[in-house]
Amino acid sequence: MMGADKGSTAALDGRGLRIGIVQARFNQGITDALAAACRAELAALGVAEGDIVLEQVPGALEVPLALQALAQTERFDALIALGCVIRGETYHFELVCNESAAGITRVALEHHIPVANAILTVENLSQAVARQDDKARDAARVAVEMAHLLRRHPPG
């Protein structure tokens with residue numbers, strides 16, 4: 001779905017927002033690139049370096065628990081999940097993709113905090129490399145936009 005029309009929004013302003021990022025180390029070449037592109041986009045949106053916290057975990061299945069730990073601190077306006085799962089020859093790919101995505105969604109809904117999911121789920125390394133920068137930048141933009149939405153509509 002490359003080149004899909006993502007629509008447009010007003011200019012995003014990340015000043016004053018605190019963003020937590022959880023990066024899976026598995027496929028670390030890709031996830032390091034995701035983290036770099038995500039941080040660069042957050043900076044371009046005005047999020048201060050000191051307002052970004054990056055935590056690393058072993059793999060995509062550990063991401064939801066780390067997100068939950070960050071959410072429970074109530075110190076963040078939004079969270080971002082970064083990872084890369086490349087299809088192998090077994091059913092493990094589907095299990096990891098489905099369970100990590102479900103866990104990420106649960107954290108967002110249970111803690112009423114935006115969580116941008118930038119865990120790549122791809123067939124091969126070439127697909128991951130082709131998507132890493134755009135997906136990371138999108139995640140940063142989603143986090144900022146949704147943080148502002150929830151500020152306008154707080155729980156309660």
Side-chain angles (χ1 to χ4, degrees), residues 1-2 4 6 9 12-15 17-88 92-150:
M1 203 145 149
M2 294 184 74
K6 298 174 187 174
T9 185
L12 296 172
D13 183 356
R15 289 177 296 174
L17 295 178
R18 289 197 35 90
I19 308 293
I21 302 171
V22 175
Q23 173 192 349
R25 287 189 308 270
F26 203 89
N27 293 312
Q28 191 160 12
I30 298 296
T31 66
D32 282 348
L34 283 164
C38 183
R39 291 175 77 110
E41 185 68 12
L42 288 170
L45 295 171
V47 179
E49 180 64 30
D51 288 335
I52 301 169
V53 173
L54 173 67
E55 297 290 346
Q56 292 187 345
V57 296
L61 286 175
E62 291 76 35
V63 168
L65 182 59
L67 290 168
Q68 183 180 51
L70 294 179
Q72 287 174 339
T73 70
E74 297 183 355
R75 293 184 303 138
F76 298 96
D77 297 293
L79 302 172
I80 300 172
L82 303 176
C84 179
V85 184
I86 300 174
R87 185 181 296 279
H92 187 68
F93 172 83
E94 284 82 6
L95 177 115
V96 172
C97 295
N98 293 339
E99 292 304 315
S100 66
I104 290 166
T105 300
R106 267 193 312 277
V107 169
L109 295 174
E110 289 174 4
H111 294 278
H112 199 75
I113 186 170
V115 182
N117 183 350
I119 295 183
L120 299 176
T121 54
V122 296
E123 297 293 324
N124 54 55
L125 185 59
S126 297
Q127 287 180 354
V129 170
R131 289 164 175 78
Q132 65 193 14
D133 291 341
D134 284 343
K135 187 69 171 174
R137 284 191 296 267
D138 286 348
R141 297 182 69 76
V142 165
V144 169
E145 181 176 351
M146 293 302 293
H148 284 297
L149 184 141
L150 288 188

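Remark: side-chain polar atoms of H112 are not paired, donor with acceptor, to backbone N or O of L150 under 3.5 angstrom. Between the side chain of E145 and the backbone N or O of V142 there is no donor-acceptor pair closer than 3.5 Å. Using modelled atom types, one side-chain atom of N98 and one backbone atom of E94 make a donor-acceptor pair closer than 3.5 Å.
Of all heavy-atom pairs spanning E62 and G59, the tightest one is OE1-N, 2.8 Å. L79 and L67 get closest at one heavy-atom pair: CD1-O, 3.5 Å. Closest of all the heavy-atom pairs between R137 and A37 is CG-O, 4.1 Å. In plain terms, the two heavy atoms of N124 and I86 that are nearest each other are CA-CG2, 3.7 Å. Here the closest non-hydrogen pair linking I21 and C38 is CD1-SG, 4.1 Å. Across every non-hydrogen atom of A71 and I113, the tightest pair is CB-CG2, 4.1 Å.
To the nearest 0.5 angstrom, L42 atom CG is 4.5 Å from I52 atom CD1. Taken from CG in L82 to CD1 in I119, the straight-line distance is 8.0 Å, to the nearest 0.5 Å. Considering NZ of K135 and SG of C84, their distance stands at 11.5 Å, rounded to 0.5 Å. One finds the CE atom of M146 at 12.0 Å from the CG atom of L12 (value rounded to the nearest 0.5 Å). Considering CD1 of I80 and CD1 of I104, their distance stands at 11.5 Å, rounded to 0.5 Å. To the nearest 0.5 Å, the span separating CG on L125 from CG on L120 amounts to 10.5 Å.
V57 has its side chain out of reach of L65: every pair of non-hydrogen atoms, C-beta onward, lies at least 4.5 Å apart. The side-chain heavy atoms of L34 and Q23, taken from C-beta on, include no pair separated by under 4.5 Å. V107 is not listed as a side-chain neighbour of Q72, based on a closest heavy-atom distance of 4.5 Å or more. The shortest side-chain heavy-atom distance between L17 and H148 falls under the 4.5 Å cut-off.
Ion pair D77/R18 not flagged as a salt bridge, since none of the NZ, NE, NH1 or NH2 atoms sits closer than 4.0 Å to an Asp/Glu carboxylate oxygen.
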Where do T31 and Q28 land on the side chain to side chain contact (heavy atoms under 4.5 Å, CB included) test, with the steps shown first? CA-CA 5 Å; T31 66; Q28 191 160 12; 4.1 Å; yes
Would you sort out whether V129 and I30 count as a side chain to side chain contact (heavy atoms under 4.5 Å, CB included), showing the intermediate values? CA-CA 7 Å; V129 170; I30 298 296; 3.6 Å; yes
Before you tell me yes or no, could you show the steps for F26 and V85 under side chain to side chain contact (heavy atoms under 4.5 Å, CB included), namely the whole-Å CA-CA distance, both residues' side-chain angles and the distance that decides it to 0.1 Å? CA-CA 8 Å; F26 203 89; V85 184; over 6 Å; no
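For E74, the CD atom sits in a loose shell: 12 or fewer heavy atoms of surrounding residues, nucleotides or ligands are nearer than 6.0 Å.
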